[in-house]
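Take a look at the structure set out below.
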Amino acid sequence: MRCAETGFNLEIDLSRGSIDKVETDPGLTELHLGGLGTNAKILWDRVPPETEPFSPDNLLIFGTGLLCGTPAIGANRTIVSTYSPQTLLMAYSMMGGFWAPELKHAGYDKVIIRGKSPNLVYLWINDDKVEIRDASHLQGKGAVETEGLIRQELKEPGAQVAAIGLAGENRVYFASIEHGRSSASRMGIGAVMGDKGLKAIAVRGTKDVNIAQPAEFIKLCNEVLQYIKVREEKPIPGVMPILAGLGSPQEMKLIDEEWHTTNFMWGNSRTRRKDFWNKEIEEKWRETQESVRTRLISCYNCPMKCGATISVPGISTYMMKCFSKLTYTMAAYSDLDFGF
Ligand code: SF4
């Protein structure tokens, strides 16, 4: 019995249309541990360095972390590795959300894609049943819209979908892969997915993940939960609010943006303003943020809730995390509401 990992990868060749479930060598995990290490080893072994990112021989590997899908707190990363069209070097990008734990529960540690499909397709992994399906009707659709359409088409609201949008389809060098409230955005990996003719991977899993010493493991997980709770109740006094808690994920909860506006460039290309934030602005910002923030949200099995759903009247509800709050308005706008 394999523990934490499932011991199986899915190998998909989109040129041939083949799907293989392949048992993996436990030694790979022993030597290289998590999803990133084992992804890198597979690329190292199987893709020669001179391979072009848009060659059918380039691999696009969706890996899961070793503890992903177990009760380990916040272990939910999907690691996508490939050769980057931006650098022509081995690259990876990670995203949170729910996709990787779902893949573990479907019975796989990785999905390894090679080749290129002549027509746009998507993968549907439903436990042991795996299909390559036509995606021509999804051509030109945005990634988030695609996720919804695939769920509807499969009549499976619990399916987790990772998809590309127009940028990926058109091999834009900074195209991302999107999934729910997360995004694997670095190094143009979405362009490689588009080059392979793969619009999305939908996955639904209902199996268990084995744990060698479950009682001890749960005890350790509970200690982490307890630590998070204690730190939340006792922020470090005397430091700016963003640093007073654990990590910086409380950003969608915080109203005090003095740290943001004082420590980043604020103003326009001619005038930098270090004294932008004041009590009046803070009150206005509180009013705005609390009126549009519908709830705080998290990735799979994470209590940090570092994202939020935002509902501004007149536009559809969307997700926001700290990186999209204020950051992009700083250079040009004093009207903070514009950020939402
Ligand atoms: S909710 Fe935030 S802190 Fe938790 S795993 Fe997701 S990105 Fe990380």
Side-chain angles (χ1 to χ4, degrees), residues 4 33-36 39 62-81 92-105 109 143-144 147 158 160-163 176-187 189-190 203 205 209 217-218 220-236 239-257 259-260 289 292-311 317-328 339:
L33 277 182
L36 177 56
N39 276 11
F62 287 74
T64 59
L66 179 58
L67 294 178
C68 198
T70 73
I73 313 302
N76 54 48
R77 255 47 194 168
T78 302
I79 306 111
V80 189
S81 304
Y92 72 90
S93 186
M94 293 193 191
M95 58 186 172
F98 299 80
W99 194 92
E102 198 71 33
L103 186 72
K104 276 286 194 63
H105 288 296
D109 298 315
V144 176
E147 290 182 39
Q160 301 298 337
V161 183
S176 63
I177 299 172
E178 300 289 319
H179 153 64
R181 58 181 297 278
S182 293
S183 174
S185 319
R186 297 171 69 241
M187 312 307 278
I189 57 168
V203 57
V209 174
F217 188 60
I218 291 289
L220 289 171
C221 295
N222 284 338
E223 278 174 24
V224 176
L225 277 178
Q226 195 55 32
Y227 177 70
I228 291 172
K229 198 160 161 261
V230 167
R231 285 295 309 275
E232 199 174 271
E233 284 162 5
K234 292 185 187 162
I236 302 168
V239 298
M240 61 176 85
I242 194 70
L243 299 177
L246 200 58
S248 61
Q250 61 277 68
E251 173 61 8
M252 291 312 295
K253 206 160 47 180
L254 288 179
I255 303 292
D256 181 346
E257 294 289 344
W259 73 279
H260 235 152
Q289 179 165 312
V292 298
R293 189 189 61 201
T294 23
R295 68 187 176 98
L296 297 170
I297 53 174
S298 259
C299 300
Y300 177 91
N301 196 25
C302 178
M304 300 305 287
K305 297 198 194 107
C306 74
T309 49
I310 304 291
S311 299
T317 295
Y318 64 95
M319 182 281 294
M320 184 178 263
K321 278 179 81 172
C322 97
F323 53 74
S324 46
K325 181 185 170 193
L326 288 184
T327 312
Y328 303 123

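Whatever order the structure lists them in is the order used to number ligands and atoms, beginning at 1.
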### Query
Just by modelled atom types, is the Arg295 backbone N or O under 3.5 Å from a matching donor or acceptor in the Lys305 side chain?
no
### Query
Minimum heavy-atom separation for Pro71 to Ile218, with atom names?
CG-CD1, 3.7 Å
### Message
Are more than 12 heavy atoms, taken from residues, nucleotides or ligands other than Tyr300, located less than 6.0 Å from that residue's OH atom?
### Response
yes
### Message
With heavy-atom distances below 4.0 Å as the criterion, list the atoms of ligand 1 near Cys299.
### Response
1 (S), 5 (S), 6 (Fe), 7 (S)
#### Entry: ligand 1 contacted by Cys306 (non-hydrogen, < 4.0 Å)
yes
### Message
Is Cys302 close enough to atom 2 (Fe) of ligand 1 that one of its N, O or S atoms comes in under 2.8 Å?
### Response
no
### Summary
Between Ile73 and Leu225, the two heavy atoms sitting closest are CD1-CG, 3.6 Å
### Query
Yes or no on side chain to side chain contact (heavy atoms under 4.5 Å, CB included) for Cys306 and Lys321, after CA distance, side-chain angles and deciding distance?
CA-CA 6 Å; Cys306 74; Lys321 278 179 81 172; 3.5 Å; yes
### Summary
If we number the atoms of ligand 1 from 1 as shown, the ones under 4.0 Å from a heavy atom of Lys321 are 7 (S)
### Query
Is Arg77 touching ligand 1 with its side chain, its backbone, both, or neither, if touching means heavy atoms under 4.0 Å apart?
side chain
